[in-house]
Undergrad: 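Starting off with a structure, shown below.
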Amino acid sequence: MKYNFRSIEKKWQKYWANNNTYQTNIDLNKKKYYVMDMFPYPSGEGLHVGHPLGYIASDIYARYKKLKGFNVLHPQGYDSFGLPAEQYAIQTGQHPKKTTEKNINTYRSQLDKIGFSFDWSREFRTSDPDYYKWTQLIFIKLFESWYDKNQDKARPINQLINIFCKSGNYNLNASSNKNIFQFSADQWNEFNDDKKEEVLQDYRLAYLAESEVNWCSELGTVLANDEIVNGVSERGGYKIEKRSMLQWNMRISAYADRLLNDLDKIDWSTSMKETQRNWIGKSIGVSMKFNIFGHDDSIEVFTTRPDTIFGVSFMTLAPEHDLVLKISTNEKKDEVEKYIKFASNRTEKDRISEVKKITGVFTGAYAEHPISKNKIPIWIGDYVLATYGTGAVMSVPCGDQRDYDFAKFFDIDIPNIFKDINISDQAFIDKQGFKLKNSSFLDGLTFNEATDAIVAMLEKDNIGTKEINYRLRNAVFSRQRYWGEPFPVYYVNNIPKIIDKNYLPIKLPDVQKYLPTESGEPPLGRAENWAWDVEENKIVEKQKIDNKKVFPIELNTMPGWAGSSWYFLRYIDPNNSNEICSKESLDYWSNVDLYIGGSEHATGHLLYSRFWTKFLFDLGMIPFDEPFKKLINQGMILGSSAIIYRMSGTNKYISKDLLKNEKVEEIHVDVGLVNFSDELDIDALKKWQPMFDEAEFICKNSFLVERKIEKMSKRWYNVVNPDLICEEYGADSLRLFEMFLGPLEQYKPWNTSGIVGTHNFLKKLWRLYVDDAGIKVKDIKPEKDSLKTLHKTIKKIDNDIETYSFNTAVSNFMIAVNELTDQKCISNEILSPLLIILSPYVPHITEELWSLLGNKQSITKESFPVYEKKFLKEASKVYPVSINGKVRLKLELSLDLDNKQIEEILLNHNDVIAKLDGASPKRIIIVPGKIINLVI
RNA sequence: GCUGAAGUGGUGGAAUUGGUAGACACGUUGGACUUAAAAUCCAAUGGAUAGUAAUAUCCGUGCGGGUUCAAGUCCCGCCUUCAGUACCA
């Protein structure tokens, strides 16, 4: 009987589907375990072999946990709103719903071939109205909440209104927009509704605000900070410019501290936590005011180095700072205005690429040093960012390199306040190794001493206060796109009003075209049925808008991360039409125990999900405040591109081995045209692309290509489709090989030739159980060696999988099968448990062998075997060691040995003992635990 | 610049966390089977030196030091690569 993987895999995939083998329900008698993957965006290109890597790992872990007796939730769905489907719709006029549906079907058929244990009965798509109904609800909740810093949690907005009615906002400690004006309860009560709403917008967690946004005209939308890479859009690499627009925002900054601190209670990689810490960017310092000569206004600055206050020789404002024009003297006004214009025209990319270029201009105004009362010139410069701190800095050229460069460039005084430190070439930026001088009462103090002294003094004299600053900005939540969740919002005289949650979902309307309108409105501006009737409570035709009972609906849609920020909650109760998920399901399934996905979402999805989870926790809607307990970031699988050399200016191609110093161009060719020995199939190449029809190929016996490791992409023709691998070697070979490639978290190149290794292993495994006559396993007593192999393997595999070392687990299986083959083991007592521990990795072949052994029920119903220590006993290590000048032999032994057994072991190690100058042991000291010392 | 991760054969990678470095697999070479090829099986495979041989000795985990009976692993100082971030006051 041969190992016919094609029919075996088809048979069992069908069996699992027909028997609902992987459907999961709440079972209070069992402990739960929740394993989740980052759900895919179904792109038109389908899956390549890199995509399933994380799914295979999570599948193995999920199956393993099931065998260990856990009730495992292992769902899958689709993140189906997004730009590519919309771009395609713009080009072809096809509704994104249709292309998305088509792509999902492709994905599903590809995934099904790999034999995953997903519970597909829980599948959903973020673009389903039944799903985004709840995304809209969470938006409403955010809109109807504010953040109380005293209680350190979000609270309903009604409670804030109560506070305003009773005492205004004088004693309020809440997260809000900048430059809030103060009002009393009487004032609040006299505000009209519009004014009240305007005030509330400063506190809501989802709020509408005129904000400086990253506008991308090529994509026709705004982008969040995490969607911009190196100053250009992440998708497409288009130019970004700053623009001020009325946008929905999420007040994520309210949660900055909790997002930072709670990193300590989750099991994520250090680099992932560090990335989030940097992104949040907490810095502790002092905020203080500098008065301006001849003006009532003062400049507020933020500094982390208050100890250097006596080194201030000028101040610098961001060009966008409110006071710039106000304080500039008449003589300087022209120059200042010119500079502001210059700075605003510089795009983000210019600023980054011209970091070294120093620009700035003097305003003509002077500030007063808060302690020495000296006159300090006020400059503006674009090295100061309007968006960080207060948009103004006290410049200490001797202690900050940028201030130093600026001062040198414009020939400003650089006073030295560091004793015995030379600052003629560069600033001294360390916080250690100095004592202050020329600093009045701080003279002679170190950084810590001076900081304490100056902070006490500033606070006592009411000049400054301790303050904490964050780099984290509030997130822009509006997109000028079609293919996203509509906002449940309509406008009455430009004041946003919420559509009551009873009328959700607000379904995405149909449009004729997916482009923005001629007047520049988002695509939803084209929708005919897009107005809200407040009496009927339904969507009606736009023509009916009268601004009395029918009002316009928001035209923006939500960003891609809206639907993915809470999706893990929906899997636990996916068909619930009354709430996000029931309390019962929440109490049982709780949050995700293991989450596997790429690290590129560190500052986007993973941060936003944590934010929304904390928010829902604050409202008492869920009983936990972190979504993902353990996170593993699988590394990318890179493609191995094939490159041929074309002699420059000719139609001749030269084989890699013949290339010397000729001038050549590198041309990517499809990796499918190249065999394992890097030989190119020239006939197939000519069929592949007509440009090679007339080409001449220079080579000896065969034409060799160059290899290059780069990201797997259609563009480089290096994509390997898992379907082809499944067809040629089988899903089990693929699963095993993807794990065998290397550590899960590492970036590694794909190399199809290696798959014969895992494929051969499966054939070997098959032959261990089956020969020409059929099954050869017998119910006989096993050999001692085979028992040892089995129990050693169980122990190792258990340890490997608990530490997520899937690659070494595969190696250990190979060792075990090699050993059992050598031992000619046919004992059922060995071979049955071996199948069970293998089944998470290679579910199809193990199911088949399991049933061939005569078992009636599926192997997935079995339980993971436990290894027994008694089969593993032996001395493991012997080595010389010197203690107190005497040479001793140190033996590391397994536990539970009696003296007789130890003696036996010593006899076996005569060679080692003899090596030590021929001495023999005189005395044996048995140390409690597992170490034995022999004095020689 | 800052932060994080990592440098081990021709290749992917092991090493029970301080204890025989190179497991396992690919590739390569030789052999068996075959008319032949494929498939399969067996053997060799870090380097150098000596020997007909079994074998022996030395060198070897990016570089230079150190601790230790013992270092891929720990400490100090460098170099390189990858990732994240970047005028953050």
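For clarity, every value in this text was computed on a predicted model and none was experimentally measured. Letters go in sequence order (proteins before strands), and every chain restarts at 1. Note: hydrogens, waters and symmetry copies are ignored here, and every other heavy atom, side chains too, is used.
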Undergrad: Over 60° means perpendicular and under 30° means parallel, so tell me whether A:Tyr383 and A:Phe406 are parallel, tilted or perpendicular.
TA: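 Tilted, since the angle between the ring planes falls between 30° and 60°.
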Undergrad: Which part of the nucleic acid, if any, lies within contact of A:Arg767, taking any heavy atom under 4.0 Å across all strands shown: a base, the sugar-phosphate backbone alone, or nothing?
TA: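 Here A:Arg767 touches the backbone only, sparing every base.
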Undergrad: State which residues pass side chain to side chain contact (heavy atoms under 4.5 Å, CB included) with A:Met636; sequence neighbours excluded, sorted by chain then number.
TA: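 Only A:Leu638, A:Lys711, A:Tyr747 meet the side chain to side chain contact (heavy atoms under 4.5 Å, CB included) criterion with A:Met636.
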Undergrad: Given the side-chain rings of A:Tyr841 and A:Phe813, with only the six-membered ring counted for Trp, is the space between their centroids under 6.0 Å?
TA: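 Yes.
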Undergrad: Verify, without hydrogens or angle tests, whether A:Asn261 (side chain) and A:Asp257 (backbone) share a donor-acceptor contact under 3.5 angstrom.
TA: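 Yes.
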Undergrad: Using the C1' atom in both, what is the distance from B:rU8 to B:rG46, to the nearest Å?
TA: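 Here B:rU8 and B:rG46 have their C1' atoms 10 Å from each other.
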Undergrad: Does A:Gln634 reach the main-chain N or O of A:Glu745 with its side chain, forming a donor-acceptor pair under 3.5 Å?
TA: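 No.
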Undergrad: Students often mix this up, so state it plainly: with edges at 30° and 60°, are the rings of A:Tyr729 and A:His759 parallel, tilted or perpendicular?
TA: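 A:Tyr729 vs A:His759 ring planes: perpendicular.
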Undergrad: In terms of the angle between their ring planes, are A:Tyr3 and A:Phe5 parallel, tilted or perpendicular, with boundaries placed at 30° and 60°?
TA: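 Ring orientation, 0 to 90° scale: tilted.
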Undergrad: Less than 4.0 angstrom between a side-chain N/O of A:Arg277 and OP1 or OP2 of B:rG84, yes or no?
TA: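 For B:rG84, neither OP1 nor OP2 has a side-chain N or O of A:Arg277 closer than 4.0 Å.
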Undergrad: Between A:Glu467 (CD) and B:rA89 (P), how many Å, whole number?
TA: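 One finds 13 Å between P of B:rA89 and CD of A:Glu467, rounded.
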Undergrad: Going by side chain to side chain contact (heavy atoms under 4.5 Å, CB included), name the residues that satisfy it together with A:Asn818, two or more places apart in sequence or in a different chain.
TA: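 A:Asn818: side chain to side chain contact (heavy atoms under 4.5 Å, CB included) contacts with A:Lys764.
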Undergrad: What is the distance, to the nearest angstrom, from the CG atom on A:Asp307 to the P atom on B:rA89?
TA: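 About 13 Å, once rounded to whole Å.
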Undergrad: For the residue pair A:Tyr388 and A:Ser283, confirm or rule out a side-chain donor-acceptor distance under 3.5 Å.
TA: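 The criterion, which ignores hydrogens and geometry beyond distance, is satisfied for A:Ser283 and A:Tyr388.
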Undergrad: Which residue is it: A:Leu762, A:Ile60, A:Ile56, A:Leu741? I am looking for the one with a side chain to side chain contact (heavy atoms under 4.5 Å, CB included) to A:Leu736.
TA: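 It is A:Leu762, the one option of A:Leu762, A:Ile60, A:Ile56, A:Leu741 that forms the side chain to side chain contact (heavy atoms under 4.5 Å, CB included) with A:Leu736.
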Undergrad: Contact class for A:Asn469 (heavy atom, under 4.0 Å): base, sugar-phosphate, or nothing?
TA: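 No contact.
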Undergrad: Check whether any side-chain N or O of A:Arg471 sits under 4.0 Å from OP1 or OP2 of B:rA86, and answer yes or no.
TA: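 Checking A:Arg471 against B:rA86: at least one side-chain N or O falls below 4.0 Å of OP1 or OP2.
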Undergrad: Tell me, please, which residues at least two apart from A:Glu728 pass salt bridge (Lys or Arg N to Asp or Glu O under 4.0 Å).
TA: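 Expected list: none.
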Undergrad: Can you tell me how far C1' in B:rA70 sits from the matching atom in B:rG77, rounded to whole Å?
TA: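 Taking atom C1' in both B:rA70 and B:rG77, they lie 24 Å apart.
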Undergrad: What distance, rounded to whole Å, do you find between the two C1' atoms, one in B:rC26 and one in B:rC78?
TA: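 Here B:rC26 and B:rC78 have their C1' atoms 35 Å from each other.
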Undergrad: Which whole number of Å gives the distance between the P atom of B:rG12 and that of B:rU17?
TA: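 The same atom, P, in both gives a distance of 27 Å.
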Undergrad: Near RNA chain B, which residues from residues 790-802 of chain A have a heavy atom under 4.0 Å away?
TA: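 Here the set is empty: none.
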Undergrad: Determine the interatomic distance between P on B:rC75 and the same-named atom on B:rG4; round to the nearest Å.
TA: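 It works out to 14 Å between them.
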Undergrad: Just to confirm, is there a sub-4.0 Å distance from OP1 or OP2 of B:rA89 to any side-chain nitrogen or oxygen of A:Tyr388?
TA: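 Yes, within the criterion.
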Undergrad: Report all interatomic pairs (protein N or O, nucleotide N or O of nucleotides 24-30 of chain B) with separations under 3.5 Å.
TA:
{"unit_1": "B:rA25", "atom_1": "OP1", "unit_2": "A:Asn818", "atom_2": "ND2", "d": "3.2"}

Undergrad: Is the base of B:rG62 syn or anti, where syn means the angle lies within 90° of 0?
TA: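 Here the answer is anti: the torsion falls beyond 90° from 0.
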Undergrad: Do A:Thr789 and A:Glu819 have side-chain atoms, one donor and one acceptor, less than 3.5 Å apart?
TA: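 A pair is found: one side chain offers a donor N or O, the other an acceptor, under 3.5 Å apart.
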Undergrad: How does RNA chain B read in dot-bracket, base by base from 5' to 3', with Watson-Crick or G-U pairs under 3.5 Å and | used when the partner is on another strand?
TA: (((((((..(((......[....)))((((((.......))))))(((((....)))))..(((((..]....))))))))))))....
Undergrad: Under 4.0 Å, heavy atoms only, any strand: does A:Gln746 hit a base, just the sugar-phosphate, or nothing?
TA: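 The residue A:Gln746 makes sugar-phosphate contact but no base contact.
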Undergrad: When the C1' atoms of B:rU61 and B:rC74 are considered, how many whole Å apart are they?
TA: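 Each nucleotide's C1' atom is 16 Å from the other's.
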Undergrad: Between A:Leu317 (CG) and B:rA89 (P), how many Å, whole number?
TA: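 Going from CG in A:Leu317 over to P in B:rA89 covers 18 Å.
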Undergrad: Which part of the nucleic acid, if any, lies within reach of A:Pro749 when heavy atoms closer than 4.0 Å are counted: base, sugar-phosphate only, or nothing?
TA: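 Answer is nothing: A:Pro749 stays at 4.0 Å or more from every strand.
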Undergrad: Give the rounded distance in Å between these two atoms: OH of A:Tyr747 and C1' of B:rG12.
TA: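 Spelled out: OH on A:Tyr747 to C1' on B:rG12 is 18 Å.
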